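Everything on this sheet refers to the single structure shown next.
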Amino acid sequence: MDKIIRVNIKNKEEKEKVSNIYEGRKVTAELSARAKETQSEVSVIVLAYNQLEKTKRCVESILKYTNDVDYDLILIDNGSEADMLEYFESINFPKKTIIHIDNNIGAGFPFEIISMSMLSEYVAIIANDVIVTQNWLSNMLKVFESDEKIGIVNPVGSNMSNLQQVNLIYESYEEMQEKAAIFNVSDPSKWQERLRIIALGTVYKKACLYAIGWPMGDVGFFHDFVDDDIAFRARRMGYKVVLA
């Protein structure tokens, strides 16, 4: 017997009234996001391979400092030891999806598994050794709202190359959060358009991901420079890459 997949798009008129290529991509991304079981503005993806204590600090910082944005959480256990899956299962968050991979064959492979229909209008990809701070996500969304041509936004951090580092002096995680809260005030004068970025804590517009192709990582850059490749491809498709 044939398997029939029925797709009912009720908002066809939205695609007919778009004014430019960016608006058309945006509408397509929004229609795709509406197919999700849980509706959110942002999909926050945490990619983890072992390092349980670091992963806990990462996830706990997301849960604590992302209370001003509607988001869903996609937790990827990329071939870790058993305690990682147990921890992910213990996290109390209503919009949580766990992807468990039994063998780590690289950081890019999990995105082969995630379909675009699982993702919200914006996608934040967080490595498990990153700790986010107050206003981290809402500030980056403000950058996107300023210009429809912005496709990728990356924050500064405490340990980054490529002139993406900000030196806040602190001696504990608590002091780091206190100083970051003072620093993390949305300010357009701090936004810099970049040719390339080191992708750490990066947020992507889903419409941009449609334009450059998903999964976004080219296997030709398996070890290094995939960040550069993604930024260059986004710019070729007319999008801006911004360091905030």
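Quick caveat: nothing in here was measured; it's all calculated off a predicted structure.
Taking every heavy atom of both residues into account, Met118 and Ser43 meet most closely at O-OG, 3.8 Å. For Gln164 against Pro155, the heavy-atom pair with the smallest separation is NE2-O, 4.5 Å. Across every non-hydrogen atom of Asn50 and Met84, the tightest pair is O-CE, 2.9 Å. Residues Ile212 and Arg233 come closest through the heavy atom pair O-NH2, 3.0 Å. The nearest pair of heavy atoms linking Trp191 to Ser186 is CZ2-OG, 3.8 Å.
Between the side chain of Ser120 and the backbone N or O of Ser40 there is at least one donor-acceptor pair closer than 3.5 Å. Looking only at distances, no side-chain donor or acceptor of Lys240 sits under 3.5 Å from a matching main-chain atom of Gly151. Side-chain atoms of Lys179 come within 3.5 Å of backbone N or O of Ile169 as a donor-acceptor pair. Looking at Arg194, its side chain does come within 3.5 Å of a backbone N or O of Asn162 through a donor-acceptor pair. When atom types are taken as modelled, the side chain of Gln165 and the backbone of Met160 share a donor-acceptor pair closer than 3.5 angstrom. Side-chain N or O atoms of Ser61 include one that pairs as donor or acceptor with a backbone N or O of Cys58 at under 3.5 Å. For the pair Gln177 (side chain) and Val132 (backbone), a donor-acceptor distance under 3.5 Å is present.
In this structure, Lys95 pairs ionically with Asp70, as a charged nitrogen and a carboxylate oxygen lie closer than 4.0 Å. Comment: Lys96 does not engage Asp72 in a salt bridge, judged by the lack of any side-chain N to carboxylate O separation of less than 4.0 angstrom.
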Check step by step if side-chain hydrogen bond (donor to acceptor under 3.5 Å, both in side chains) holds for Glu148 and Asn20. CA-CA 10 Å; Glu148 67 179 351; Asn20 59 51; 3.2 Å; yes
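Atom CD1 of Ile98 is surrounded by more than 12 heavy atoms from other residues, nucleotides or ligands within 6.0 Å. Within a 6.0 Å radius of NZ in Lys190, more than 12 heavy atoms belonging to other residues, nucleotides or ligands are found.
When the side-chain hydrogen bond (donor to acceptor under 3.5 Å, both in side chains) test is applied to Thr97, no partner is found at least two apart in sequence or on another chain. Residues that satisfy the ring-ring contact (aromatic ring centres under 6.0 Å, His included) test with Tyr87, not counting sequence neighbours, are absent from this structure.
Judged by the 6.0 Å and 45° rule, Lys149 forms no cation-pi pair with Phe144.
With contacts defined as side-chain heavy-atom distances shorter than 4.5 Å, the pair Val44/Ile126 qualifies. Inter-residue side-chain proximity for Arg196 and Phe232 is flagged as met; some heavy-atom pair is nearer than 4.5 Å. At least one side-chain heavy atom of Leu63 sits under 4.5 Å from a side-chain heavy atom of Leu73. The shortest side-chain heavy-atom distance between Val59 and Leu75 falls under the 4.5 Å cut-off. Within the 4.5 Å cutoff, the side chain of Asn139 has heavy atoms near those of the Asn184 side chain. The closest side-chain heavy-atom distance from Phe111 to Ile125 is below 4.5 Å. By the 4.5 Å heavy-atom criterion applied to side chains, Lys26 and Glu121 are counted as neighbours.
Aromatic pair Phe93/Tyr71: centroids less than 6.0 angstrom apart. The aromatic ring centroids of Tyr239 and Tyr22 lie less than 6.0 Å from each other.
Under the side chain to side chain contact (heavy atoms under 4.5 Å, CB included) rule, Ser80 has a single partner from Asp83, Ile76, Asn78, Asp77, which is Asp77.
Atom-to-atom distance recorded for Ile101:CD1 and Glu112:CD is 10.5 Å, nearest 0.5 angstrom.
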